[in-house]
Novice: 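What follows is a structure written as structure tokens; I'll ask about it next.
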Amino acid sequence: MSTPYPFTAVVGQDDLRLALLLNAVSPVVGGVLVRGEKGTAKSTAVRALSALLPEVDVVSGCRFSCDPGSPDPACPDGPHEPGAFESRAARMVELPVGASEDRLVGALDIERALAEGVKAFEPGLLADAHRGILYVDEVNLLHDHLVDLLLDAAAMGASYVEREGVSVRHAARFLLVGTMNPEEGELRPQLLDRFGLTVEVAASREPDQRVEVVRRRLAYDDDPAAFAARWADEEAAVRQRIVAARELLPSVRLGDAALRQIAATCAAFEVDGMRADIVMARTATALAAWAGRTDVLAEDVRQAALLALPHRRRRNPFDAPGLDEDKLDETLEEFSGESPDDDPDPDGGPDGGGPDGGGGQPAPEDGPQQDGGAAAEPEAGEGGEPQASGGREQSPVRAAEPFRTKVLSVPGLGEGAAGRRSRARTEQGRTTGARRPRGALTKLHLAATVQAAAPHQRARGRSGPGLVVRRDDLRQALREGRESNVVLFVVDASGSMAARQRMSAVKGAVLSLLLDAYQRRDKVGLVTFRGSAGEVVLPPTSSVDAAAARLESLPTGGRTPLAAGLLKAHEVLRVERLRDPARRALVVVVTDGRATGGPEPVALAGRAARLFAAEGVASVVVDCESGPVRLGLAGQLAGELGGTAVTLDELRADSIAGLVKDVQGNRRAA
């Protein structure tokens, strides 16, 4: 077994280490979500934590790690007789991004269940992680239904497996830690809320600290055992402190004054539901125990808010997580009144001291501590539309307020990644039929299996009540649900679109569609065209936040190379199909339909558009033409694309329901 990197040797990242330690002290805090760019020691710190956890006593031979002091009465390997037990290190189990549902929760032997009526159950990763750590790297890339199962088990402390009338339940209490890079996509707000604490990490910009990171990493890579030995005393001290804090935790008193501060803080930041209040209370209690105190102080409440609230106060997907610390301090000060029975914070304020110097921050024994880390209106231009004089680039304008859009979906039945946009064959959804399994059986169609096996019972010599089932009888359930798509925005940023009020409305419309893409779990890309070329502003990505940021800073001005923009979009989709052939595309072209620059720009744009029609790519043209005289060029472009045109006003209206669903009918009519 390889020697893990010592937890106390991690340079900086104080908030990350504190959040992990608090969960080690009190697993009911609810786990940690670590957000940050690549190369910031997220995975290193999580893997190092497992070596600090105290050993656990387990019932000998139990596959579900039951505690011999209080074994689970519903354990599938039970009932357990008192007596034999063994001690072992707490496990750290990693959940791969590509894991199946059966690998996570366990699998039933369907053949034995049907033939013998027994619950032949093979435990999954949730059982392996019981009383240890379950680590999910890149949790934002995990399929939504797996995240739902994972977080439900973490919240209930148990895993339930229900398969065709056969039910198994076992305990599953673990420290849940997820890491993610926000550039690769966000978690849904509902899932964010299920993580107790969230920490933002970033690489330090201080040269001395970066030098120390490199020095320690090189020393570890050269001789892991010797490097770990240098930090053995610090590791042992933190391990002992975790044990002491766990023993002290039941004695920690959460007074009414602290509870009022917690409730007032959650109300002031308008978090949804009551989970934030509960998590803050548990975190503040763990902070006091970690600091060696039996009373929760104002500094504990403040630190708990900084860890438990930032990811819960986001009002829409494009809000950056964070907390206004001035507002937090004002709220805590306003509700700092203590009743006579409560012990006030002797230092009065969030920066007050304690045994650790305040807020339960890791003490010096945790190893070396270092800081972690108005432009003028455009002139009239081509076609009577305002544009920058002489093709001059304009400064970006802010997007108008987003609005709810109708569902745009790709026609037909796909087989792409699970999502919420277009119809598809998926692992989750309503059952529509059955077929022989191709490879491993994942979803049994019970009725079809019984029908396939029934005619052969006499020939197979059936003599008892059980049904004699063979591999050839098994039938895979076909299910229909929704898939996610790659939504590629092709946005006209030329001078003909440059009027500030008009471009603001255009950006607002695209932002609204981006919000819709976020909710439907799509990948999004952004191509713009202006001047003399098309530009890939953002390749297809799961990070809708990144697309919104690029849209906000989008400059405008110059000619309208419509053909170049379409050709660039066509190339982007070609590459994307090579990477993910199962994911279908939806192209959203945002333009007034004008094309200028070069010989025969309109004809060239038409030929480029017909490439999409020939390949059956679903498309929508958002017509941005304005004024009393309209040329209808966007409608002509939609015809060439084989798609549908809709104006900015119609994008809000009920009349576009099923807009892209009409693409197939239009294509057939053509």
Side-chain angles (χ1 to χ4, degrees), residues 97-98 138 140-144 181-188 317-318 405-426 481-491 509-529 534-551 565-590 608-609 611-622 641-644 659-661 663-664 667:
V97 169
E138 305 295 353
N140 52 324
L141 303 183
L142 199 65
H143 285 302
D144 283 351
N181 183 348
E183 294 178 355
E184 296 174 338
E186 284 284 0
L187 281 172
R188 301 197 315 265
F318 302 144
T405 66
K406 294 296 183 177
V407 179
L408 310 181
S409 59
V410 179
L413 192 64
E415 295 184 352
R420 300 179 60 194
R421 184 171 296 278
S422 306
R423 293 176 56 232
R425 298 283 188 198
T426 61
R482 293 281 171 175
E483 67 175 359
S484 64
N485 300 114
V486 54
V487 181
L488 183 62
F489 294 93
V490 185
V491 180
V510 178
L511 186 62
S512 302
L513 292 168
L514 282 172
L515 280 166
D516 183 69
Y518 170 85
Q519 294 163 354
R520 300 186 189 284
R521 312 300 292 164
D522 293 316
K523 294 180 70 174
V524 297
L526 181 59
V527 172
T528 65
F529 55 95
E535 178 185 2
V536 181
V537 177
L538 184 71
T541 174
S542 296
S543 179
V544 180
D545 287 18
R550 303 290 174 86
L551 177 71
L566 293 174
L567 290 174
K568 182 66 70 174
H570 185 268
E571 176 63 18
V572 169
L573 290 184
R574 185 189 67 81
V575 174
E576 188 63 22
R577 276 195 294 267
L578 295 176
R579 294 174 177 168
D580 192 353
R583 193 188 294 263
R584 298 184 295 165
L586 171 62
V587 176
V588 181
V589 184
V590 185
L611 292 174
F612 292 89
E615 295 175 0
V617 178
S619 61
V620 176
V621 177
V622 180
L641 285 166
T644 303
L659 179 64
V660 182
K661 294 179 182 180
V663 170
Q664 192 173 36
R667 189 178 298 129

Novice: What's the separation between atom CG in Leu573 and atom CG in Leu488, rounded to the nearest 0.5 Å?
Specialist: 5.0 Å

Novice: Please name the pair of heavy atoms, one in Val410 and one in Ala618, separated by the smallest distance, quoted to 0.1 Å.
Specialist: CG1-CB, 4.1 Å

Novice: Start with the C-alpha distance between Arg423 and Ser409, add both sets of side-chain angles, then the distance that settles side-chain hydrogen bond (donor to acceptor under 3.5 Å, both in side chains), and finish with yes or no.
Specialist: CA-CA 8 Å; Arg423 293 176 56 232; Ser409 59; over 6 Å; no

Novice: What are the two closest non-hydrogen atoms of Ala548 and Leu511, and how far apart are they?
Specialist: CB-CD1, 4.0 Å

Novice: Run the side chain to side chain contact (heavy atoms under 4.5 Å, CB included) test on Leu513 and Leu515 for me, step by step, so that the C-alpha distance in whole Å, both residues' side-chain angles and the decisive distance to 0.1 Å come before the verdict.
Specialist: CA-CA 5 Å; Leu513 292 168; Leu515 280 166; over 6 Å; no

Novice: Which heavy atom in Pro540 sits nearest to a heavy atom in Val572, and how many Å separate them?
Specialist: CD-CG1, 3.6 Å

Novice: Going through the checks in order, is the side chain to side chain contact (heavy atoms under 4.5 Å, CB included) test met by Val491 and Leu526?
Specialist: CA-CA 7 Å; Val491 180; Leu526 181 59; 3.6 Å; yes

Novice: Could you list the residues that satisfy side-chain contact (heavy atoms from CB on, under 4.5 Å) with Ala609, not counting sequence neighbours?
Specialist: Leu566, Leu637, Glu640, Leu641

Novice: Residues in side-chain contact (heavy atoms from CB on, under 4.5 Å) with Arg520, at least two apart?
Specialist: Val407, Arg420, Arg421, Asp516, Asp522

Novice: Taking side chain as C-beta onward, heavy atoms only, is Val620 less than 4.5 Å from Val589?
Specialist: no

Novice: Is there a side chain to side chain contact (heavy atoms under 4.5 Å, CB included) between Val490 and Val588 once you walk through the steps?
Specialist: CA-CA 6 Å; Val490 185; Val588 181; over 6 Å; no

Novice: Ser619 and Gly642: which non-hydrogen atoms are nearest, and at how many Å?
Specialist: OG-C, 4.3 Å

Novice: On a heavy-atom basis, which atom in Lys568 and which in Val527 lie closest, and how many Å separate them?
Specialist: CG-CG1, 3.9 Å

Novice: When you measure from the side chain of Arg584 to the backbone N and O of Pro411, does any donor-acceptor pair fall under 3.5 Å?
Specialist: yes

Novice: Quick one: list whatever passes salt bridge (charged side-chain N to carboxylate O under 4.0 Å, His left out) with Arg577, sequence neighbours left out.
Specialist: Glu615

Novice: Can you tell me how far apart CG (Leu567) and CZ (Phe529) are? Round to the nearest 0.5 Å.
Specialist: 11.5 Å

Novice: Taking atom CZ of Arg550 and atom CG of Leu538, what is their separation to the nearest 0.5 Å?
Specialist: 5.0 Å

Novice: Taking all non-hydrogen atoms of both residues, which atom of Glu483 and which atom of Ala424 are closest, and how far apart?
Specialist: CB-CB, 3.4 Å

Novice: Can you tell me how far CZ of Arg574 sits from CZ of Arg579, rounded to the nearest 0.5 angstrom?
Specialist: 10.5 Å

Novice: Output yes when Lys523 and Glu576 qualify as a salt bridge under the 4.0 Å nitrogen-oxygen rule, no when they do not.
Specialist: yes

Novice: Carefully, step by step, assess Leu514 and Phe489 under the rule side chain to side chain contact (heavy atoms under 4.5 Å, CB included).
Specialist: CA-CA 9 Å; Leu514 282 172; Phe489 294 93; 3.6 Å; yes

